[in-house]
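A short worksheet on the structure shown next.
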Amino acid sequence: MVKLRGAAVLAAVALALSACGSGSESPAPAQSGQPRVLKLWHYETADSAMGKAWAEAIKKFEASHPNVTVKFEEKGFEQIRKTASMVLNSDEAPDIMEYNKGNATAGLLSKQGLLTDLTEESAKRGWDKLLPGGLQTTAKYDDRGVMGSGKWYGVPNYGEFVMVYYNKELFDKHKVTVPTTFEEFTAALDTFVKAGVTPISNAGAEYPAQQIFYQLALTKAQKPWLEAFQSYKGKVDFHGPEFTYGADTFADWVKKGYIAKNSSGLKAEDMGVAFMNGKFPIMISGSWWYGRFASEIKDFEWGHFLFPGATMSPGSSGNIWVVPENSENKDLAYDFIDITMGKDIQNLLGNSGGVPVAADPAAIADAKSKELIATFNKLTSTDGLAFYPDWPAPGYYDVMVAGVQNLINGSKTSAQVLDEIAGPYEDNLADIGN
């Protein structure tokens with residue numbers, strides 16, 4: 001596993017790398033002759049930082065490729081996650097697609113031969129120079145589909161991490177200050193509960209709840225445990241102190257009223273909208289919400305902080321551009337990736353609430369965006385990106401969702417849930433020969 005300390009370049013230091021290597025400012029012209037179509041899929045909402053940046057990239061691509069039309073199709077995260085293997089193995093595959101990174105997703109598709117090897121193109125266009133160190137972890141996969149080494153199968157062009165969003169108005173109303181320790185955090189949660197307020201907006205039917213469970217486990221974890229779990233560099237005891245604490249504490253949070261029992265069936269969109277509507281003082285989720293909150297929250301001031309009491313948080317480079325092996329326009333797909341790595345698109349990403357990898361530091365003028373990048377720097381300076389709980393094994397996302405739903409419903413004990421998530425993990429280790 002490539003160490004992630006180098007990922008701190010996503011902010012002030014790495015942003016300066018925009019002057020290196022990439023030909024994104026003058027992409028190769030499209031072939032003359034018959035009109036062509038670039039079929040592109042991604043799942044970013046139009047008002048998110050990435051959605052704004054990719055929309056502008058499409059305009060720039062079409063302007064520099066006059067014989068090419070971009071046929072963009074917006075897909076849901078869940079839609080792509082569930083159907084990617086089937087679609088990419090058919091003639092319905094897009095030419096370029098945003099896809100989730102990690103062993104269970106991009107790694108699995110690379111192992112199945114469904115993704116184009118981008119190693120040569122990465123060196124040719126300088127993407128490898130723009131993505132040093134830990135940022136390359138999620139771009140490369142070996143023959144087993146394990147991230148961190150091997151060939152390039154994807155290109156990330158932003159960073160992300162999980163944080164605690166908070167409603168400043170509700171904090172002030174209940175005389176709660178921003179906590180700096182785990183004890184202060186739980187005391188704040190108790191204050192809200194005593195006032196009849198459920199503090200944490202949650203979604204058990206999709207990724208948010210499992211990321212809270214994982215974040216709680218990370219408060220007891222050290223690097224060797226993380227490397228064992230994510231990179232198979234040691235044996236993981238699912239009944240050890242890390243996962244046991246995560247499961248027990250998550251279940252306890254539900255019992256104490258920090259998390260609503262009816263959240264087990266809610267989706268991420270439900271969670272985010274509820275926070276934006278001012279119904280909850282806290283939401284624990286990723287930086288992918290940041291730009292949308294900056295655009296849509298008008299009725300109250302909000303802020304963010306890293307999860308108290310933890311040196312690591314879920315996070316990594318962002319999702320990746322992949323080029324399906326069945327793409328009929330790979331040259332155009334490479335040109336589009338190059339444009340998204342260009343300084344102007346990266347600057348737009350940074351000023352819209354995203355974490356760019358190749359922007360001009362002086363061009364990031366938005367105050368909220370500067371706060372986000374500063375927090376990311378703080379996390380990455382201590383090698384604090386811990387990936388995500390569903391990455392280690394194919395199909396593990398659904399395993400994690402079901403397990404944490406059982407914790408919310410109280411239908412199974414913590415020990416039973418840990419047994420359930422251990423089984424598929426161990427099966428995957430056997431499948432890859434570990």
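Start at 1 with the first residue, then count along the sequence. Just so it is clear, the values below take in all heavy atoms, side chains as well, and ignore hydrogens, waters and symmetry mates.
Listed by chain and residue number, nothing satisfies the side chain to side chain donor-acceptor pair (under 3.5 Å) test with T191 (two or more places apart in sequence, or in another chain). Applying the salt bridge (charged side-chain N to carboxylate O under 4.0 Å, His left out) rule to E325 yields the partners K330; only residues at least two apart in sequence or on another chain are considered. Here N428 pairs with Y232 under the side chain to side chain donor-acceptor pair (under 3.5 Å) rule; sequence neighbours left out. Residues that satisfy the ring pair (Phe, Tyr, Trp, His ring centres under 6.0 Å) test with W288, not counting sequence neighbours, are Y207. Here K412 pairs with E420 under the salt bridge (charged side-chain N to carboxylate O under 4.0 Å, His left out) rule; sequence neighbours left out. T119 is linked by a side chain to side chain donor-acceptor pair (under 3.5 Å) to D117, counting only residues two or more places apart in sequence or in another chain. In this structure, the salt bridge (charged side-chain N to carboxylate O under 4.0 Å, His left out) partners of D252, at least two apart in sequence or on a different chain, are K256. Scanning for ring pair (Phe, Tyr, Trp, His ring centres under 6.0 Å) contacts around F280 gives an empty result, with sequence neighbours left out. Every residue two or more places apart in sequence or in another chain that forms a ring pair (Phe, Tyr, Trp, His ring centres under 6.0 Å) with F229 is listed here: W225, F243, Y425. Residues satisfying the ring pair (Phe, Tyr, Trp, His ring centres under 6.0 Å) criterion with Y397, sequence neighbours excluded, are absent altogether.
For residues 268-284, the side chain to side chain donor-acceptor pair (under 3.5 Å) pairs, not counting sequence neighbours, are E269-R292.
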Give the table of side-chain donor-acceptor pairs shorter than 3.5 Å for residues 175-182, with sequence neighbours excluded, one pair per line with atom names and distance.
{"residue": "T180", "atom": "OG1", "partner": "E184", "partner atom": "OE1", "Å": "2.9"}
{"residue": "T181", "atom": "OG1", "partner": "E184", "partner atom": "N", "Å": "3.1"}

